[in-house]
Amino acid sequence: MKGMTLKTNKMKLSTLIALAVMTIMLVPLTGCKNKTYTVKFNSDGGTKVEDVKVKANQTVKKPTDPTKDGYIFDGWYYENEEFDFATKIKKDITLKAHWNDVGIQLADTELNMLVGNEKKLEIISLPDGLTEEDLVYSSSDESVVTVGDKGNLKAIKEGTATVTVKSKDEKHSATCNITVTTEQVDIESIKITGSSSVSVGSSIKLGVTFNPKNATISEITWSSSNEKIATVNNGSVTGKKEGTVTITAKTANGKTATKKITVKAKSTTAKKSSTSKNTKPSSSKKVVEATSVKITGPQEVYVKESIKLSATVSPSNTTNKTVTWKSSNTSIATVDKNGKVTGVKDGEITITAMTSNGKTATYKVTVKSRYQLTLKAIPVEGVEGTVYQYTFTVTKNGNAFTDYAGFEINGHGYRKVTSNPTVAAGHVSKGQNSATITLSNGEKKNLIVKIN
């Protein structure tokens, strides 16, 4: 009996110990269920982002991206890695904003100018540490547009040219495609571009875009609704005291645009020196920036037809190889986001490819009309055997065309006639044919021969 009592007591003791352990384990588990953690957002000099309380094992919602003058927001980072907002929060953490320089930003990336006109190429913003004294300007065709060392443009003759502005160390660049015409195209409307905020004591540069895109440039008059809050001079807005103002831009023909600008308190954040500049954290996600870009592909395209251009970004391990494409004159040819160029009318344009960090390449493309001679075989009446001649039609870009004086096939000339126009069968072959057409003005163009 004594042994059984001892055994029973041991079992009761074990049961009590097990219950005690379970109770101890349950207490912290119950407590964890209601625990919250703080996620802090360090915007690193950008606009403030409020801290967020998050329940244990829940995710934090990504906040609105902060802004920072002269920089582009590039994500939130935690311990040198870009933070995944699908991560469950299990402790207090601080996320830090990463910023990239915006590079050189121009008020205009496309301009239309009249022959003889002059204009200054306006800079909206520059990378940290750069001034306008550090910039170098160049024109792809100085017979069309010249550019001075301060960005002063002068339209010389009708045509297109690309003006490039680079930092002297060639780390930053931007381009403006310029079309020079002899015909005035009136502005129908304008829009102000640029930042919507400025700090007291600081300045931002605003620009304008025109509609239609081929409108020739106009003198712009700028004004501020309250110069005690902010002043504006040639698009440069300077903050005077906290508040909101309306900036107005007006063209010579009376078209206006407005933009609300908020003037914020003067930033107390010390400006970073070049040695402590915020760079991409060194990790497995290290960014490799583009150093150059090159365009390859055909240099001619027919009206209503397309060619494909390719952009090769260097180095080969560049992280972001995306490029944006632009045509210097969309009335001559357009280019889509994939580099497909489509001819609109005869002329020459400059196609520009730009990398995500501002490296550019330009490429000349000539747009030509396609003249086609279509031959249709018919038997010659009254002749024994099978003898043929060809009736013909001439088209330009797929449309009937009669404004020509004559054409030549394989060395045999034909004048334009109005009755029974035919081509001798012996003058053409089923294979390759060499042919030209002489237009009414005496110009000669290549002619494509199609035999039905």
Side-chain angles (χ1 to χ4, degrees), residues 70-75 98-111 121-142 145 147 149 151 153 160-178 193-194 205 207 274 277-280 282 285-299 307-329 333-341 349-365:
Y71 292 88
I72 295 174
F73 178 67
D74 192 36
H98 180 264
W99 303 94
N100 284 331
D101 285 349
V102 297
I104 300 171
Q105 282 192 311
L106 301 177
D108 303 289
T109 56
E110 291 189 11
L111 278 176
L121 195 62
E122 299 290 348
I123 307 292
I124 290 179
S125 65
L126 290 171
D128 190 26
L130 278 188
T131 68
E132 292 200 29
E133 299 298 321
D134 301 313
L135 303 179
V136 179
Y137 296 84
S138 62
S139 170
S140 64
D141 191 342
E142 293 196 340
V145 175
V147 58
D149 57 5
L153 306 171
T160 60
T162 299
V163 170
T164 302
V165 53
K166 289 184 179 180
S167 57
K168 290 179 180 178
D169 60 10
E170 297 192 345
K171 290 183 179 179
H172 304 278
S173 66
T175 60
C176 179
N177 297 316
I178 300 172
T193 60
K205 184 68 179 176
S274 58
K277 193 174 180 180
N278 186 13
T279 56
K280 203 80 166 179
S282 58
K285 294 185 179 180
K286 183 178 179 181
V287 169
V288 179
E289 297 283 5
T291 57
S292 65
V293 58
K294 181 180 180 182
I295 301 174
T296 56
Q299 290 188 290
I307 57 173
K308 180 71 169 68
L309 301 182
S310 299
T312 304
V313 179
S314 295
S316 59
N317 64 334
T318 299
T319 304
N320 186 353
K321 293 186 178 182
T322 303
V323 298
T324 53
W325 296 88
K326 283 187 179 179
S327 165
S328 61
N329 191 336
T334 60
V335 60
D336 70 8
K337 63 181 181 180
N338 300 312
K340 186 175 81 169
V341 178
I349 56 159
T350 300
I351 298 295
T352 301
M354 178 183 287
T355 65
S356 59
N357 67 332
K359 302 300 179 183
T360 60
T362 57
Y363 199 73
K364 295 279 188 186
V365 174

Rounded at 0.5 Å granularity, tell me how far OG1 in Thr360 sits from CD1 in Ile295. 8.5 Å
Just so I know, are the side chains of Val163 and Val145 near enough to count as touching, which here means a heavy-atom distance under 4.5 Å? yes
Just checking, is any N or O donor in the side chain of Lys364 or Thr350 under 3.5 Å from an acceptor N or O on the other one? yes
Please report the interatomic distance CG(Asp134) to CG(Asp169), rounded to the nearest 0.5 Å. 8.0 Å
Mind listing the closest non-hydrogen atom pair of Thr319 and Val288 along with its distance? OG1-N, 2.7 Å
Just wondering, more than 12 heavy atoms not from Lys340 lying within 6.0 Å of its NZ? no
Check: Leu135 and Ile123 side chains under 4.5 Å, non-hydrogen atoms: yes
Over 12 non-hydrogen atoms of neighbours within 6.0 angstrom of NZ in Lys294: no
Drop me the distance from Glu110's CD to Thr162's OG1, to the nearest 0.5 angstrom. 9.5 Å
Short question: side chain of Ser314, backbone of Thr291 - any donor-acceptor pair under 3.5 Å? no
Near Lys205 NZ, under 6.0 Å, is it more than 12 heavy atoms from other residues, nucleotides or ligands? yes
I need the minimum non-hydrogen distance between Pro315 and Glu289, along with the two atoms involved. CD-O, 3.6 Å
Those residues that, when tested against Ala311, pass side-chain contact (heavy atoms from CB on, under 4.5 Å) (two or more places apart): Val293, Val323, Trp325, Ala353
Answer yes or no: is there a donor N or O on one side and an acceptor on the other, between the side chain of Tyr137 and the main chain of Leu121, under 3.5 Å? no
Calculate, to the nearest 0.5 Å, the distance between atoms OG and CD1 belonging to Ser173 and Ile104 respectively. 6.5 Å
Over all atoms of both residues, closest heavy-atom pair of Ala290 and Thr318: N-CG2, 3.6 Å
Do you know which of Thr175, Thr362, Thr109 makes side chain to side chain donor-acceptor pair (under 3.5 Å) with Lys326? Thr109
Quick check against the 3.5 Å criterion: does Ser167 have a side-chain atom that pairs as donor or acceptor with the backbone of His172? yes
First locate atom CD of Gln299, then atom CD1 of Ile307, and finally report the distance between them rounded to the nearest 0.5 Å. 8.5 Å
Taking atom CG of Asn177 and atom OG1 of Thr160, what is their separation to the nearest 0.5 Å? 8.5 Å
Shortest non-hydrogen contact between Pro298 and Lys308, atoms and distance: CD-O, 3.5 Å
side-chain contact (heavy atoms from CB on, under 4.5 Å) with Ser138: which residues, sequence neighbours excluded? Thr164
Can you check side-chain contact (heavy atoms from CB on, under 4.5 Å) on Ile351 and Ser327, steps first, answer last? CA-CA 5 Å; Ile351 298 295; Ser327 165; 4.0 Å; yes
